[in-house]
Amino acid sequence: MLLSLNWLKDFVPFEGDIEELAHRLTMVGLEVEEIVEPFSYLKTVVVGKVVECQPHPNSDHLSVCRVDVGKEILPIVCGAPNVSQGQFVPVALIGTCMPSGFTIKKAKLRGEVSCGMICSQKELELGDDQSGIWVLDQEFSSLTPGQDLISALGLDRYVLDIGITPNRADCLSVLGLAREIATLFSLPLSMPKVEITEDDQSLDYEIDIPAKEHCYLYQARLIEDCQIKVSPSWMRFRLLASGIKPINNVVDVTNYVLLELGQPLHAFDRDFLEGNKIRVALAGQKQSFTTLDGNNRKLLATDLLIWDAKKPVALAGIMGGANSEIRENSSRVLLECAVFNPITIRKTARRLGISSEASYRFERGIDQLLSPFALQRATALIQTLAKGKVLKGLAACEPKPYAPRYVSFRAPKVSQLLGVSISEKFCHEALTKLGCKIESKATGWEVLVPSFRHDLEREIDLVEEVGRIYGLDKIEAKLPKISKTLDQTGDPKVAFLRKVKHWSKSVGLKEAINYSFVGSKVLNLLGLPEDNRVYVLNPLSEEQNVLRTDLLAGLLHSVQVNANKERFKLFEIAKTFFKDQNSETLCRENNRLGIVLAGKRYPSKWPFEETEMDYTDLKGILDHFLTIFVGKEVEFVKKQEHPFLKPAVEIVSQKENYGFLGLVKDEIALQYDVKNMDLWYASVDLDKVFETFQQYTLKFQELPKFPATKRDITLVCPLHLCVGDVFKVIKKVKCKILEDTCLTDIYFPKDKKVKHVTLRLTYRAKDKTLKDKEVDKMHKQIADILVKELKVTFP
Amino acid sequence: MSLDNFLNKLSGLVQELEKDLNEAKSISGLEEVRVKFLSRKGRLAEVMKGLKSLSEQDKPVAGKKANEIKDKLLRLWQEKKAYFETKQKEEQLKTFDPTVPGRIPDFGTLHPITLVIEEISDIFTSLGFDVVQGPEVETDFYNFEALNIPPEHPARDMQDTLYITENILLRTHTSPLQIRTMLSRKPPVAAIAPGKVYRRDSDLTHSPMFHQIEGFLVDKNVTMAELRGTLTLFLHQVFGKETKVRFRPSFFPFTEPSAEVDISCVLCKGKGQINGVPCRVCKETGWVEILGCGMIDPAVFHMVGYDPEEFSGFAFGLGVERVAMLKYGIGDLRIFFDNDLRFLEQFKG
């Protein structure tokens, strides 16, 4: 809401500092977002008096003028036909940047020096007239050369841009803000004087409201013989300062009163209304309607319309119809002033995507008791500006008269809730200042709240008002004593996820955070199923229309951003989303850990070998993770088919599938600019891991008392044999003294289609030092089993 | 062979070894000496062969002496070896370069959003708040209705929503956790809920996904003064003790009274200018908006079955990105979600 200071002063004699005003308003909840200087571009435009005006010696349409601008007399070449000696005119001095973007410079026009520009209304964006220069003395008096245009024309130097919260509908007007300012600065509030001279002829018009629950009040006046023309400059300037484009005197009056009093009005051209009747009724069968902006609007049966005897003429409270708007040749004006049900207006406005100044106010609530005054005010203005003839009386229907609202209030509640001591006296004064009337009862106060404060319905609303006037910022800080009950603990999963993040960091991964939504194109590219996706109904773009079903879909963005780096190792902990009819949110959310690796294994060449990351890097990270968070045996099983990985490996235990890892297919990686690098990806189901982790408790194991014996064994294996299979066979051997098996080497002899796998087996007994013979025997037994089960040989 | 002869031969080995050791110039020369005297086919072994031909009576004496000599040879050799090793280490130390780059393990980093969430979570858990979490896809009920934002309420305009269906949406704030937590517990309740939130808004200063932290306390006699105390303590810990805190009345449907909290600008320290140049962070006002808060509205208590006559509570919500931007001096919101390594690796702490 833009508040013109000049306009404000019509209501309250505020003479203070603008910064102070802005601060005080902000501190009572009317946040001044900006102090705007709407006409700052006019700072170097001054009033000039044309003291001499001669035809240009070298041109038949230019004049050479000498213009008194106070400090000096400037030579100015002017091309306007209406310039003449003695006129007071706006002069843009050298250096002025015109609204068009053009900067005034000293110039020579066909040999004559020109130091400035005499401007038209249009050039200054203060009106539409561009027929010639703006002769100020035709409209304004007591002009002096050199005076700056802003003060000479009474333009607003400052306008406050105030953010009005949805509860403060009453502050969506100059009057409403003036009320607050009057309260804040203890200034008197005065209302504009309204005088109407009614014609002898009475108004013969009927208002019929079948949609009683949608329209609380409808009043109309008829003004005939109106002269539609440009509004006077004072009105245009105020509208401009408030961000509204002037149109013509009648339309401007409706906008003016809307801004001034907060009551939206609509002016119909009576000649286009059929019959003598206005009907406020739902759209029903009517399926579309053309509003005055030329748009054909599709209607629902529940939309509220204003009808004449035959047809709809306005979308109630939102926008008038094209069929009855005020035109240049209109003469009979039917002026509507109504109060509609906020919800009705909001539903339609929101569905149609229209937010007009009118609908914005109707949605938030109108002061129904002020409504008749607003109609009078507008009628009087139209009568003055358009020289119209106001028919006697008004047509009105009020299905739901305003019901005074009483709120019970206990003054001690304020101190209790705010935690500061605020006296009853203060509460009384504050509420009274805000327009409340208070009656004392045995249980507390009965407070009659003003009709313009729809937000004051409950005791708590009044507590807030007192707090606001007292100043929330004056409340002193105190620390609460937070009591706990035995059954309360934080969410263990939060702690778990945090642990995983810190683990990820500790193994050298960098955390990425990507959007939860991606384009369905990305999921398609990854070959992910379509039937389980959760789509966004109203996405901002096609790139954000579906929730991730795999973290990679988002991580690929980070991959692309970093594809030009030598290496990257990223992780992300986030949710994936799947359609689930059994969930109350129709969605299953799955916490996952995603890891991507690509490029060089080490950050610098020296003192490392320059090698590329491969499967073992990613698997090593996962082995590390699983040891810490799962703590039991899992298997890495090669998958024959995977939509976006090749090779792809699943991490499984007997019961659970913990996730998967593998190499992102080249054709996919390439789309994200990954060239000459392998892109490795792992995805871990953290919800599954969490379940296992919760059951897993650390237990101390006695340290061994007897020494271990280590024996190596080298097996000649077929190339396809997995090391894991060798481990599996060894594991199955019933052998109490085998403590550990680890891989020490894999060697591929040249020209032979085999690999040599060397394992180191550690033997130890709990109760004695093993003898060589015992170890030899066991070692041989294991070797024999390996040969038998795996078709391996010895070198 | 006579005993004397045998013993002489043994004793002679000592001198021979000493001579060779003196001539040895390096560790490798020393190894030759070891092989010559102490290996299986070395000089000592050769002499030891004579032991067999001694009489049974002489054997114990000879054996004992032989062991002594063996130990002595070994000791002499080891002493020399130790001498060489020390010398070699000293030589190496002379050329030791302490400035050579080390084998640095990879720097893992946490995203600045995580750093801020964890810092704030730690402050509040130390005060006694629990950390809770909930679904990101929410129902209209938890996200709006239960928070006193009925359908067609103008307050819905304050948040542009991304919908999944007519009644299911991406949560627009972390406030649904107030409802979920209060429904599952009885007062006293003190919790914070950090997490992702979503709005249908994308420009220089708005991201369609961002992070919030919701916090709330419900108990008997909770006051706005305690809200101010809690937030002041938290803001002082995050931004420094000298930070000024300001409460401005505002409006949120689920709190009343509601306030917006400003802190003195972290860049210009509340002066509005830096060396005469207008401050870009606070736009010369000296204040920056940091969070919204208020006393939980009785309507919300009704929704979760708490009696507002018995209990009162406060709630607050803050944007994590905003805190991170102020704390680390980040100017552009979008940089958070690109995950450029050059950005991420600055947060090593």
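Throughout, a chain's letter reflects where its sequence line sits, starting with A, and its residues are numbered from 1.
- Interface remark: A:Arg351 contributes no atoms to any contact with chain B (heavy atom separation under 4.5 Å).
- Interface remark: A:Ala574 contributes backbone and side-chain atoms alike to the contact with chain B (heavy atom separation under 4.5 Å).
- For A:Tyr535, the part lying under 4.5 angstrom from a heavy atom of chain B is the backbone only.
- Across A:Glu459, A:Arg498, A:Lys565, A:Lys347, the residue that shares the most heavy-atom pairs under 4.5 angstrom with chain B is A:Arg498.
- Comparing A:Ser516, A:Ser506, A:Gly554 by how many heavy-atom pairs each has under 4.5 Å with chain B, the most go to A:Ser516.
- Only the backbone of A:Ile573 comes within contact range of chain B, with at least one heavy atom under 4.5 Å from a heavy atom of that chain.
- In this structure a side-chain-to-backbone donor-acceptor pair under 3.5 Å is present from A:Arg346 to B:Glu152.
- Heavy atoms closer than 4.5 Å to chain B are found nowhere in A:Glu34, neither backbone nor side chain.
- For the set B:Ser202, B:Pro194, B:Gly229, the count of heavy-atom pairs under 4.5 angstrom toward chain A peaks at B:Gly229.
- Contacts of A:Pro342 with chain B are absent, with no heavy-atom separation under 4.5 Å from either backbone or side chain.
- In this structure, A:Pro480 and B:Leu217 have side chains that are in contact, with non-hydrogen atoms separated by less than 4.5 Å.
- Considering OG1 of B:Thr223 and CG of A:Leu418, their distance stands at 8.0 Å, rounded to 0.5 Å.
- Heavy-atom pairs under 4.5 Å with chain A were tallied for B:Leu233, B:Asp297, B:Leu231, B:Leu227; the largest tally goes to B:Asp297.
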Start with the C-alpha distance between B:Glu256 and A:Arg458, add both sets of side-chain angles, then the distance that settles salt bridge (charged side-chain N to carboxylate O under 4.0 Å, His left out), and finish with yes or no.
-> CA-CA 11 Å; B:Glu256 187 153 6; A:Arg458 305 166 299 161; 3.1 Å; yes

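- Using a 4.5 Å heavy-atom threshold, the side chains of B:Asp130 and A:Asp491 count as separate.
- The parts of B:Ser250 that come within reach of chain A are both its backbone and its side chain, each placing non-hydrogen atoms under 4.5 angstrom from that chain.
- B:Gly102 and A:Pro607 get closest at one heavy-atom pair: O-CD, 4.2 Å.
- Between the side chain of A:Asn538 and the backbone N or O of B:Leu162, no donor-acceptor pair lies under 3.5 Å.
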Test side chain to side chain contact (heavy atoms under 4.5 Å, CB included) on A:Leu417 and B:Val222 and set out the steps.
-> CA-CA 7 Å; A:Leu417 199 68; B:Val222 174; over 6 Å; no

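- Both the backbone and the side chain of A:Leu540 come within contact range of chain B, judged by heavy atoms closer than 4.5 Å.
- Taking A:Arg468, A:Lys501, A:Glu19 one by one and counting their heavy-atom pairs under 4.5 Å with chain B, the maximum is reached by A:Lys501.
- In this structure, chain B has heavy atoms under 4.5 Å from both the backbone and the side chain of A:Asp461.
- Around CD of A:Glu457, the count of heavy atoms belonging to other residues, nucleotides or ligands within 6.0 Å exceeds 12.
- Closest of all the heavy-atom pairs between A:Leu472 and B:Pro249 is CD1-CA, 3.8 Å.
- The greatest number of non-hydrogen atom pairs below 4.5 Å with chain B, out of A:Lys413, A:Lys575, A:His557, A:Lys510, is found for A:Lys510.
- Note that CG of A:Leu509 is 14.5 Å distant from CZ of B:Phe107, once rounded to the nearest 0.5 Å.
- A side-chain donor from one of B:Asp219 and A:Ser483 sits under 3.5 Å from a side-chain acceptor of the other.
- With a 4.5 angstrom heavy-atom cutoff, A:Glu476 touches chain B only via backbone atoms.
- Looking at B:Met209 and A:Ile513, their side chains come closer than 4.5 Å, going by heavy atoms from C-beta outward.
- When atom types are taken as modelled, the side chain of A:Glu589 and the backbone of B:Glu136 share a donor-acceptor pair closer than 3.5 angstrom.
- Atoms CG and CG, from A:Asn562 and B:Asn339 in turn, are 7.5 Å apart once rounded to the nearest 0.5 Å.
- Of all non-hydrogen atoms in A:Pro166 and B:Phe251, the two that sit nearest each other are CD-CD2, 3.5 Å.
- For A:Arg350, the part lying under 4.5 angstrom from a heavy atom of chain B is the side chain only.
- Between B:Thr109 and A:Glu511, every side-chain heavy-atom pair lies at or beyond the 4.5 Å cut-off.
- Atom OG1 in A:Thr585 sits 10.0 Å away from atom CG in B:Leu170 (nearest 0.5 Å).
- When A:Val536, A:Leu30, A:Val507 are compared by the number of non-hydrogen pairs under 4.5 Å with chain B, A:Val536 comes out ahead.
- Between A:Pro603 and B:Ile104 the shortest side-chain heavy-atom distance does not fall below 4.5 Å.
- Remark: B:Asn221 CG is loosely packed, at most 12 non-hydrogen atoms of other residues, nucleotides or ligands lying under 6.0 Å away.
- In this structure, B:Val132 and A:Val494 approach most closely via the heavy-atom pair C-CG2, 4.3 Å.
- A:Lys505 is not listed as a side-chain neighbour of B:Lys348, based on a closest heavy-atom distance of 4.5 Å or more.
- Only the backbone of B:Val245 has a heavy atom closer than 4.5 Å to any heavy atom of chain A.
- When the shell of 6.0 Å around NZ of A:Lys481 is examined, it contains 12 or fewer heavy atoms from other residues, nucleotides or ligands.
- Among the candidates B:Phe141, B:Phe129, B:Tyr142, the residue making the largest number of heavy-atom pairs closer than 4.5 Å to chain A is B:Tyr142.
- With chain B as partner, the option from A:Leu479, A:Asn167, A:Val561, A:Ile343 having the largest number of non-hydrogen pairs under 4.5 angstrom is A:Asn167.
- Between chain A and the options B:Val100, B:Leu110, B:Thr125, the largest number of non-hydrogen pairs under 4.5 Å is found for B:Leu110.
- Highest contact tally toward chain A, considering only B:Pro105, B:Pro208, B:Pro135, is held by B:Pro208 [criterion: heavy-atom pairs under 4.5 Å].
- Under the 4.5 Å side-chain criterion, counting only non-hydrogen atoms from C-beta, B:Phe337 is not in contact with A:Ser558.
- Side chains of B:Glu118 and A:His502: a donor on one and an acceptor on the other come within 3.5 Å.
- Proximity to chain B involves both the backbone and the side chain of A:Thr26, based on heavy atoms less than 4.5 angstrom apart.
- Only the side chain of A:Phe571 has a heavy atom closer than 4.5 Å to any heavy atom of chain B.
- A donor-acceptor pair is defined here as one N or O able to donate and one able to accept, closer than 3.5 Å; such a pair exists between the side chain of A:Lys484 and the backbone of B:Gly128.
- Of the two parts of A:Tyr602, neither the backbone nor the side chain holds a non-hydrogen atom closer than 4.5 Å to a non-hydrogen atom of chain B.
- To the nearest 0.5 Å, atoms CD1 (A:Ile475) and CZ (B:Phe247) are separated by 7.5 Å.
- Paired with A:Asp473 under the rule salt bridge (charged side-chain N to carboxylate O under 4.0 Å, His left out), one option of B:Arg228, B:Arg246, B:Lys244 passes, and it is B:Arg228.
- Contacts with chain A were tallied for B:Met224, B:Glu345, B:Lys283, B:Lys196; B:Met224 has the most, counting heavy-atom pairs under 4.5 Å.
- Here the CG atom belonging to A:Leu537 is positioned 10.5 Å from the CG atom belonging to B:Leu169, to the nearest 0.5 angstrom.
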